[in-house]
Amino acid sequence: MELKKNVKNENGTCELEFAIDAAAFNEAVSKVFKKTASKYKVAGFRPGKAPRNIIEQMYGKDVFTYDAINELFPANYEAAVREAGIDPVDRPEVDIVSADAENGVVLKAIVTVKPEVALGEYKGLKAEKTVHTVEAATVDAEIDRMRERNARIYSKEEGNAENGDTAVIDFEGFIDDVAFEGGKGEKYPLELGSGQFIPGFEEQVVGHAVGEEFDVVVPFPADYAAEELAGKTATFKIKLHEVKAKELPAADDEFAKDVSEYDTLAELRASIEKEMKEQLDRQSELEAENQLVDQVVTGMKAEIPECMIRDAIDDMVRDFEYRMESQGLKLENYLQYTQMTMEKFREGFKDQAEKQVKMRLALEKIVALENIEATEEEFEAEISRIAANYKLEAERVKAMIPTAEVKKDLAINKAIDFIKSNATITEVENKKAAE
């Protein structure tokens with residue numbers, strides 16, 4: 001490969017012109033002929049047995065040229081990119097300048113490249129980090145949630161339904177004595193006080209006993225999603241089959257032993273408080289990092305190509321689609337339920353994608369300016385972390401992921417650490433906790 005031209009254009013693209021010598025081109029044409037000759041029918045010859053010159057006379061002398069160029073292009077384009085010292089961010093537009101057996105091939109590729117980035121200040125920045133205090137009431141609330149999860153559920157033989165009970169009901173809704181679609185259910189477990197049903201419904205079930213049949217009369221909210229029901233008053237025919245109540249375990253040492261590795265409630269509480277504090281501290285650390293990185297991004301100057309934002313949106317859509325599928329829902333169905341077009345859906349990611357692209361570019365610039373690199377020890381530690389997360393052998397992980405990209409990501413993380421180590425971070429008390 002010979003790089004003949006390397007011109008950067010004002011619109012953020014780069015024009016490369018590179019040559020592939022005749023020997024490599026002719027060898028590629030021969031290989032294509034051997035692989036594809038059987039596709040061309042020539043009278044008097046069995047498939048694949050017609051000479052190359054006969055096929056070229058019948059189908060054109062360049063019949064194998066384009067496939068040969070397609071074979072040669074990837075490796076030679078990558079070599080041209082390396083020699084030109086550019087960083088493409090999109091697929092190139094390619095034209096054939098010339099191609100013949102005597103002179104080889106000359107190709108022209110126009111490609112969008114990563115923009116030039118000018119940074120403002122990235123040293124001596126300032127940020128605040130909140131110092132959190134975990135209140136006793138917060139720990140109490142978590143203990144109560146644990147008690148709820150470990151509650152004994154039993155059927156109430158006597159008494160009426162109360163808030164917190166689960167009422168097993170049949171119901172059917174009517175408007176002006178006409179049943180409406182979606183307003184019927186059988187043996188439905190409704191937790192009273194949970195707000196699952198429209199306002200006023202659950203309150204009218206409270207106080208009734210097992211076996212009772214009664215009416216619940218409630219208005220649908222004016223902004224109810226089903227327009228045909230919005231603002232209308234409905235009468236629900238109810239039959240109460242069963243009332244299930246919860247018996248919460250006492251918050252004592254025995255409870256601590258049953259639900260944790262600790263022998264006393266005091267130890268369990270201390271563990272919960274410690275874990276909450278660590279989680280809040282991590283959150284505060286991340287918030288301080290975001291403050292600093294946002295300042296760097298605000299101070300940078302760069303013309304961001306649309307293709308970079310488009311690709312970032314593509315990644316976000318794929319991630320959202322994966323999470324939907326993990327919950328058993330397809331993206332197209334989600335869009336139908338939310339009455340949203342794909343174009344509108346993608347538009348919702350645009351600001352986030354633009355910020356993500358700018359942040360990456362800014363950090364990459366700091367990596368370059370400060371000569372930040374990931375060490376082999378850091379790379380091996382990251383491979384081990386990935387291998388442990390996915391329960392794979394480290395060597396298999398290395399074979400699956402590109403080393404250069406992993407090291408680049410590690411360097412990006414070190415750039416964030418560099419910004420923090422050169423910043424002034426002031427600790428401030430969590431005012432809400434203090435109050």
Side-chain angles (χ1 to χ4, degrees), residues 1-37 39-40 52-53 55-57 59-119 300-315 354 357-358 360-362 364-365 367-369 371 402-405 407-408 411:
M1 189 284 303
E2 177 191 355
L3 183 62
K4 300 172 74 68
K5 184 189 289 187
N6 174 18
V7 178
K8 290 187 178 180
N9 302 318
E10 290 184 359
N11 63 354
T13 63
C14 184
E15 181 180 329
L16 302 179
E17 193 171 285
F18 55 96
I20 302 170
D21 63 48
F25 173 59
N26 291 325
E27 182 182 354
V29 171
S30 296
K31 287 180 180 178
V32 170
F33 162 67
K34 290 175 183 177
K35 284 198 302 185
T36 65
K39 295 194 304 183
Y40 301 97
R52 174 176 154 186
N53 66 320
I55 295 175
E56 289 176 339
Q57 287 175 15
Y59 291 92
K61 69 174 186 176
D62 60 354
V63 63
F64 301 116
T65 296
Y66 299 108
D67 285 343
I69 290 174
N70 285 337
E71 292 281 339
L72 292 167
F73 179 77
N76 286 277
Y77 171 69
E78 287 181 15
V81 165
R82 284 195 301 272
E83 187 171 332
I86 62 173
D87 197 347
V89 293
D90 203 3
R91 292 180 179 179
E93 295 179 11
V94 183
D95 287 319
I96 301 172
V97 178
S98 62
D100 60 68
E102 185 177 345
N103 299 301
V105 181
V106 177
L107 300 174
K108 180 175 75 173
I110 298 177
V111 63
T112 302
V113 295
K114 193 169 286 186
E116 294 291 333
V117 174
L119 292 181
M300 73 176 276
K301 293 180 180 179
E303 294 293 329
I304 311 296
E306 281 297 319
C307 62
M308 294 187 75
I309 298 172
R310 178 201 66 210
D311 290 346
I313 292 174
D314 288 344
D315 289 341
E354 185 173 357
V357 169
K358 287 181 176 179
R360 179 82 182 192
L361 288 171
E364 285 178 351
K365 186 67 173 180
V367 166
L369 290 172
N371 297 313
T403 299
E405 290 303 313
K407 289 185 175 181
K408 186 181 289 187

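Looking at Glu27 and Glu71, their side chains never come closer than 4.5 Å, going by heavy atoms from C-beta outward. Ile96 is listed as a side-chain neighbour of Leu107, based on a closest heavy-atom distance under 4.5 Å. With contacts defined as side-chain heavy-atom distances shorter than 4.5 Å, the pair Pro88/Val81 qualifies. Side-chain contact check for Val111 versus Ile86: some heavy-atom pair is nearer than 4.5 Å. The shortest distance between side-chain heavy atoms of Met1 and Arg82 does not fall below 4.5 Å. Between Leu361 and Glu364, some side-chain heavy-atom pair lies under the 4.5 Å cut-off. Counting heavy atoms from C-beta on, the side chains of Val97 and Glu17 come closer than 4.5 Å. Side-chain contact between Asn6 and Glu83 is absent, with no heavy-atom pair separated by less than 4.5 Å.
Between atom CZ of residue Arg310 and atom CG of residue Asp90 there is a gap of 4.5 Å, rounded to the nearest 0.5 Å. Going from atom CG of Asp100 over to atom CG of Asn26 covers 9.0 Å, rounded to the nearest 0.5 Å. One distance of note links CZ of Phe33 with CG of Asn53; it measures 8.5 Å at 0.5 Å rounding. In this structure, the separation between CD1 on Ile110 and CG on Asp95 is 7.0 Å, given to the nearest 0.5 Å. How far CD1 of Ile313 is from CD of Glu354: 9.5 Å, rounded to the nearest 0.5 Å. Annotation: the span from Leu119 atom CG to Lys365 atom NZ amounts to 7.0 Å, rounded to 0.5 Å.
Considering all non-hydrogen atoms of both residues, Phe25 and Ala101 come closest at CE2-N, 4.1 Å.
Thr36 contributes a side-chain N or O that, together with a main-chain N or O of Val32, makes up a donor-acceptor pair within less than 3.5 Å.
Remark: Tyr66 pairs with no residue by the ring-ring contact (aromatic ring centres under 6.0 Å, His included) rule, at least two apart or across chains. For Phe73, the ring-ring contact (aromatic ring centres under 6.0 Å, His included) criterion is met by Tyr77, not counting sequence neighbours.
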Stepwise side chain to side chain contact (heavy atoms under 4.5 Å, CB included) test for Val106 and Lys4: CA-CA 9 Å; Val106 177; Lys4 300 172 74 68; 4.2 Å; yes

Arg52 vs Ser30, side chain to side chain contact (heavy atoms under 4.5 Å, CB included): CA-CA, chis, key distance, verdict: CA-CA 9 Å; Arg52 174 176 154 186; Ser30 296; 3.5 Å; yes

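For Glu93, the CD atom is loosely surrounded, since the number of other residues' heavy atoms within 6.0 Å does not exceed 12.
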